[in-house]
Amino acid sequence: MFEEIAEKIKDSKKIVFVTGAGISQESGIPTFRGKDGLWGKYDAMQLATINAFYDNPQLVWEWYNERRNNIFSAKPNLGHKAIAELEKYAEVTVLTQNIDGLHQRAGSSKVLELHGSIIKIKCTVCGFNEEILTEFEEVPPICKCGNILRPDVVWFGELLPQDVWQEAMIHSNQCDIMVIVGTSLVVSPANTLPIYAKQNNAFLIEVNPEETIMSADMDFSVRSSSAVSLPELVSIFKKSK
Ligand code: APR
C-alpha cells in the first residue's frame with residue numbers, strides 16, 4: 001500500500017497522526033457519521049452540547065455511561081498498536097479527536113486529546129476534576145460543592161482546551177509527514193490541522209476506506225481500514241532499518 005512512497009516515509013523524522021473515530025471502529029466502537037454511526041441513531045444536539053447537558057443532565061450522563069462501558073470493554077486494535085510501534089523509528093505525536101484513550105492503552109507516549117477524554121470528569125463551578133474508570137452509581141454525579149459534574153469532553157460549540165490546541169498546531173507546523181486516519185474531517189478546528197501541516201511542506205497521507213472532503217488536498221491516500229494498512233506503514237520502516 002505504501003511502497004510507492006517508501007523513500008518519502010523512510011526519510012521522515014517527525015510524524016504526526018491526526019485520528020478520528022474510524023481508527024477505533026475495528027475495536028468495536030461506532031463512528032459518528034458512518035452507516036451505523038452514532039449521529040445516525042442519536043441526535044447530537046440532544047447529547048453533545050452544553051445546552052443539552054443543562055436541559056437534561058440525566059439523559060446526557062446515561063448516554064455517556066453507555067459509551068464509557070462500551071469503551072472500557074474495547075481493546076486497542078492493530079491500527080493503534082502500529083502507531084505506538086512507530087515510535088521506535090521516528091518522533092511520533094498523535095492528535096486525536098477520540099475520547100476513548102485507546103492510543104494510550106496501545107502504548108503511544110505522546111497523545112493530545114483534542115476533544116477531551118471519556119474517563120475525565122469536571123465541575124464547571126469549583127473546577128474539581130478527576131479521572132474515573134468505573135460506572136457511576138448515581139447519574140448525574142454530584143460534585144463535593146453540590147453542583148453537577150460533567151464529562152470533560154468538548155461539546156459542539158465549545159472551545160478546545162487552548163493549551164492542547166496550541167501544542168497541536170506546533171506539532172502540525174513542524175512535522176515531515178502527517179497521517180490523517182479515520183476522520184471525516186468535517187469538524188473544526190481539528191480539520192484545519194492538515195492545512196497547517198501542508199503550509200509547512202508536510203507530506204499528507206490519508207488512511208480512510210472512503211473519500212473525505214479533504215481527499216483532494218492529500219499527497220497520498222490509502223483506501224483501506226487503519227487496522228489493515230497501518231501495520232504495513234510500520235513494515236516500511238522495519239525494512240529500512
Ligand atoms: N479505518 C479507517 N477509517 C475508517 C474506518 C476504519 N476501519 N471505519 C470508518 N472509517 C472512516 C469513515 O470513512 C469516516 O471518514 O472514519 C471516519 C469517521 O468519521 P466520523 O464518524 O465523522 O468521526 P470523526 O471524524 O472522528 O468525527 C469528528 O465529530 O461528533 C464529533 O466530537 C466528535 O470527535 C468527533 C468529531
Side-chain angles (χ1 to χ4, degrees), residues 1-2 17-50 52-53 60 63-64 66-68 70-71 74-83 94-103 106 111-120 150-161 164-165 168 178-195 204-218 220-234:
M1 290 179 193
F2 297 92
F17 285 84
V18 174
T19 68
I23 197 169
S24 297
Q25 186 265 339
E26 286 157 293
S27 295
I29 298 176
T31 63
F32 293 96
R33 298 170 182 85
K35 56 185 180 310
D36 303 322
L38 288 172
W39 296 149
K41 287 192 290 187
Y42 300 97
D43 176 358
M45 294 304 120
Q46 295 298 312
L47 293 166
T49 67
I50 188 73
F53 180 69
V60 173
W63 186 62
Y64 272 92
E66 184 187 317
R67 287 182 66 196
R68 288 162 65 91
N70 180 30
I71 283 168
K75 297 212 177 354
N77 62 54
L78 292 176
H80 298 105
K81 290 175 183 170
I83 293 175
V94 180
L95 311 178
T96 188
Q97 300 170 87
N98 299 340
I99 62 175
D100 56 34
L102 290 181
H103 283 298
V111 180
L112 294 179
E113 292 176 311
L114 303 173
H115 293 169
S117 163
I118 200 147
I119 65 170
K120 292 178 183 156
R150 61 164 280 182
D152 194 359
V153 296
V154 179
W155 281 323
F156 289 107
E158 290 189 316
L159 283 177
L160 274 59
V164 172
W165 177 247
M178 177 176 276
V179 189
I180 298 100
V181 187
T183 176
S184 59
L185 290 168
V186 297
V187 171
S188 68
N191 62 359
T192 63
L193 292 170
I195 298 166
L204 302 186
I205 300 171
E206 181 179 56
V207 173
N208 194 323
E210 292 170 23
E211 286 227 344
T212 67
I213 53 172
M214 291 181 71
S215 291
D217 301 311
M218 303 297 166
F220 189 77
S221 289
V222 176
R223 289 287 165 252
S224 164
S225 83
S226 42
V228 168
S229 56
L230 292 181
E232 295 208 14
L233 182 60
V234 175

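Just so you know, ligand 1 is whichever comes first in the structure, and atom 1 is the first atom listed for that ligand. Start at 1 with the first residue, then count along the sequence.
For the atom pair Ile119 CD1 and Arg68 CZ, the distance stands at 8.0 Å (nearest 0.5 Å). With rounding to the nearest 0.5 Å, the separation of CG in Asn191 from CG in Leu185 is 6.0 Å. Here CE of Met218 is found 9.0 Å from CG of Asn208. Values are rounded to the nearest 0.5 Å.
Side-chain contact of His80 with Ser226: a donor-acceptor pair under 3.5 Å is absent, judged by distance alone.
A salt bridge between Arg150 and Glu158 is present, with a side-chain N of the basic residue lying under 4.0 Å from a carboxylate O of the acidic one.
In terms of the salt bridge (Lys or Arg N to Asp or Glu O under 4.0 Å) criterion, Lys81 has no residue partners (sequence neighbours excluded).
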Dump the pairs for me: ligand 1 N or O, protein N or O, distance under 3.5 Å, to 0.1 Å.
from	atom 1	to	atom 2	distance (Å)
ligand 1	1 (N)	Ser226	N	3.0
ligand 1	1 (N)	Ser226	OG	3.2
ligand 1	7 (N)	Gln25	OE1	2.9
ligand 1	7 (N)	Glu26	OE1	2.9
ligand 1	13 (O)	Asn208	OD1	2.7
ligand 1	15 (O)	Asn208	ND2	2.8
ligand 1	16 (O)	Gly182	O	3.2
ligand 1	19 (O)	Ser184	N	3.4
ligand 1	21 (O)	Phe32	N	2.8
ligand 1	21 (O)	Arg33	N	2.8
ligand 1	22 (O)	Arg33	NH1	2.7
ligand 1	22 (O)	Ser184	OG	2.6
ligand 1	25 (O)	Thr183	OG1	2.7
ligand 1	25 (O)	Ser184	N	2.9
ligand 1	25 (O)	Ser184	OG	3.3
ligand 1	26 (O)	Ala21	N	2.8
ligand 1	27 (O)	Arg33	NH1	3.0
ligand 1	29 (O)	Arg33	NH1	3.0
ligand 1	29 (O)	Arg33	NH2	3.1
ligand 1	30 (O)	Arg33	NH2	3.2
ligand 1	30 (O)	Trp39	NE1	2.7
ligand 1	32 (O)	His115	ND1	3.4
ligand 1	34 (O)	Gln97	O	3.2
ligand 1	34 (O)	His115	ND1	2.9

